[in-house]
Protein chains: 2
Amino acid sequence: MNSALRTGVETFAPLYIEVKRLITQGLIEAEWEPGSALPSETRLAQRYHVSIGTIRRAVDELVAEQILVRQQGRGTFVATHDPKRLLFHFFHIVRSDGVKQLPETETLAFERDRADTSIARRLNLLPGERVIRIRNLLRLAGEPILLDEIVLSQARFPDLTEKIFRERDATVYALYQTRYGINIVRAAERLRATIAERASARLLKIPPGAPLLEINRTAMTYHNTPVELRKSLVNTAEHEYWSDFGKG
Amino acid sequence: MNSALRTGVETFAPLYIEVKRLITQGLIEAEWEPGSALPSETRLAQRYHVSIGTIRRAVDELVAEQILVRQQGRGTFVATHDPKRLLFHFFHIVRSDGVKQLPETETLAFERDRADTSIARRLNLLPGERVIRIRNLLRLAGEPILLDEIVLSQARFPDLTEKIFRERDATVYALYQTRYGINIVRAAERLRATIAERASARLLKIPPGAPLLEINRTAMTYHNTPVELRKSLVNTAEHEYWSDFGKG
DNA sequence: AAGTGGTCTAGACCACCAT
DNA sequence: TGGTGGTCTAGACCACTTA
């Protein structure tokens, strides 16, 4: 049924790309929720009227993007933001000896604001639209290492309150996922070196003027839609940021 | 011929992994040199006594790791260190507005030294083995932005002299490739913020005490074999380090 | 034992590039 | 026109998980 999917579609892509789009659409519409299993490959093949090989090709790519997770003998699952995935996929700070630790988050501030032109551009909003601004202090092994400032579109997180944010039982990205159905699947970061100002220095218990690593992150959901801006200041005296490229 | 390749092999992996290993071995032994074409997939299938599908699977992975490059209608080629690949794959500094520029390199020092325990461990050498230490100043659009210190195993680059290094006609990684047959395919980096010392400050034309981004890179060839250590100090006043993860 | 993903095959047809 | 990689199919068998 090579062309069954394509009738009425104006733009032509390989079948497996169409299938990938359809599966992603199912994820967006929460037909399959994070943590749950997709139908088996045989069933997906029947559903989309393509061969299993084509399904596998589509799922292969979603697995490579860490949107889906295969488990032999069990099934294929929608990736969740469990702490392990966070640690290996979205948290790139390690102790200088290479040991990874889970951060503990303390919320310092929760404010409502309006998007300036820069934030609007980066979040696909109009200048002046409402945003939420959250500041956190992250500790590793009890030591304050990282200051975060998160900016979210108010419209995307309509009922988010400081209380909800503080009393979440899991990571921030797991909160986006479970409560708002937004699954963060990708992040782009820009890094620079800077100097600690008085306020940051005090919170991180370092002298003013000490060097800090500044990380500007844009976190995205499916189709590279930006969801969260995050500016982090990291004390890299005993910790480092790791980055690995060229590995398949 | 499912088991043809496996006879006499003590460890069992999927066929396409074996094929991938054999192709990689051909690359290591320079049977196919960077820039040249591999045999067609049909021929590779005949040579290794597997189906084309299995060849494609193996080549797919090598393409994903950017070790090979497919060009429809032309063939499959061994990746080279042309400036474009360098810029998009191994050089992660961009101007703050996102523009990528090719750096110009000025060699400041070329020395011979012995590996201390840290260098020996990271380069898979024994402490005390001979190493080459090269310092460079990199300019972007004429401005000194980056200080590099490169450490190489003398044994791997036996006849490398300052003259050869300075008078290379292409990038450093292209030199490793064309003269020593070493193809850098992967890099792992650790970043931290630091403060400019007097010497660095002078070379980068910034005040002492200004913040600098320190990048510690291990560059690897096939099979994750470490080849080069590189410590970079970057003036991130007008430039940034970019990192993107979660994209397939 | 039944169901899932994982591997491998063989062959068809298409899109692209060189000549 | 002939050769290359790109897509798609259909089916076989294996490895693993669960019940």
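Computation of the quantities below employed the complete heavy-atom set of this structure, encompassing side-chain atoms and omitting hydrogens, waters and symmetry-equivalent molecules. The shown structure was predicted, so the numbers you read here are calculated from the model rather than taken from an experiment. In what follows, chains are A, B, ... by sequence order, proteins preceding strands, each numbered from 1.
Both the sub-6.0 Å distance and the 45° axial angle are satisfied by A/Arg168 relative to the ring of A/Phe165.
Residues satisfying the ring-ring contact (aromatic ring centres under 6.0 Å, His included) test with A/Phe90, not counting sequence neighbours, are A/His81, A/Tyr173.
Taken together, the paired segments of DNA chain C that extend over three or more consecutive Watson-Crick or G-U pairs, each closer than 3.5 Å at both contacts, are C:1-18 with D:1-18.
What separates CD of A/Glu18 from C1' of D/dC8 is a distance of 14 Å, to the nearest Å. Rounded to whole Å, the distance from CG on A/Leu44 to P on C/dT4 is 11 Å. Atom C1' of nucleotide D/dA10 and atom NE2 of A/His49 are separated by 17 Å, given to the nearest angstrom. The CD1-C1' distance, from A/Ile52 to D/dA12, rounds to 12 Å in whole Å. For the pair B/Arg56 CZ and C/dA10 P, the interatomic distance rounds to 16 Å; values are reported in whole Å. Atom CD in A/Glu61 sits about 11 Å away from atom P in D/dC8, given to the nearest Å. Between the P atom of C/dT4 and the CD atom of A/Gln46 lies a distance of 10 Å, rounded to the nearest Å.
Between A/Thr221 and A/Asn183, the side chains place no donor N or O within less than 3.5 Å of an acceptor N or O (distance only, hydrogens not considered).
Near-neighbour residues of DNA chain D inside residues 67-84 of chain A, defined by a heavy atom below 4.0 Å, number-ordered: A/Gln72, A/Gly73, A/Arg74.
Salt-bridge check for B/Lys20 with B/Glu65: passed, with a basic side-chain N closer than 4.0 Å to an acidic carboxylate O. Using a 4.0 Å cut-off between a side-chain N of Lys or Arg and a carboxylate O of Asp or Glu, A/Glu189 and A/Arg217 qualify as a salt bridge. A/Arg70 and A/Glu41 are joined by a salt bridge, as a carboxylate oxygen and a charged side-chain nitrogen come within less than 4.0 angstrom of each other.
Position along DNA chain D of the nearest nucleotide to A/Thr54 versus B/Leu38 favours B/Leu38 as the more 5'-ward residue. Between B/Ile55 and A/Pro39, the residue anchored nearer the 5' end of DNA chain C, judged by the nucleotide with its closest heavy atom, is A/Pro39. Along DNA chain C, the nucleotide nearest to B/Gly53 and the one nearest to A/Asp60 differ in position, and the one closer to the 5' end is contacted by A/Asp60.
Classification of the A/Tyr241-A/His92 ring pair by plane angle, with boundaries at 30° and 60°, yields tilted.
B/Arg43 has a side-chain polar atom (N or O) that falls below the 4.0 Å cut-off from OP1 or OP2 of D/dT4. Taking side-chain N and O atoms only, B/Tyr16 has no distance below 4.0 Å to OP1 or OP2 of C/dC8. Look at A/Ser40 and you'll find a side-chain N or O under 4.0 angstrom from OP1 or OP2 of C/dT4.
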Test B/Asp97 against B/Arg95 for salt bridge (charged side-chain N to carboxylate O under 4.0 Å, His left out), laying out the working first. CA-CA 5 Å; B/Asp97 61 10; B/Arg95 217 165 64 189; 2.8 Å; yes

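Of the possible polar contacts, none joining the B/Gln25 side chain to the B/Glu29 backbone as a donor-acceptor pair under 3.5 Å is found.
Looking at heavy-atom distances under 4.0 Å, A/Arg57 makes contact with sugar-phosphate atoms alone, never a base.
Looking at the side chain of A/Glu41, the nearest of the listed nucleotides C/dC8, C/dG6, D/dT7 is C/dG6.
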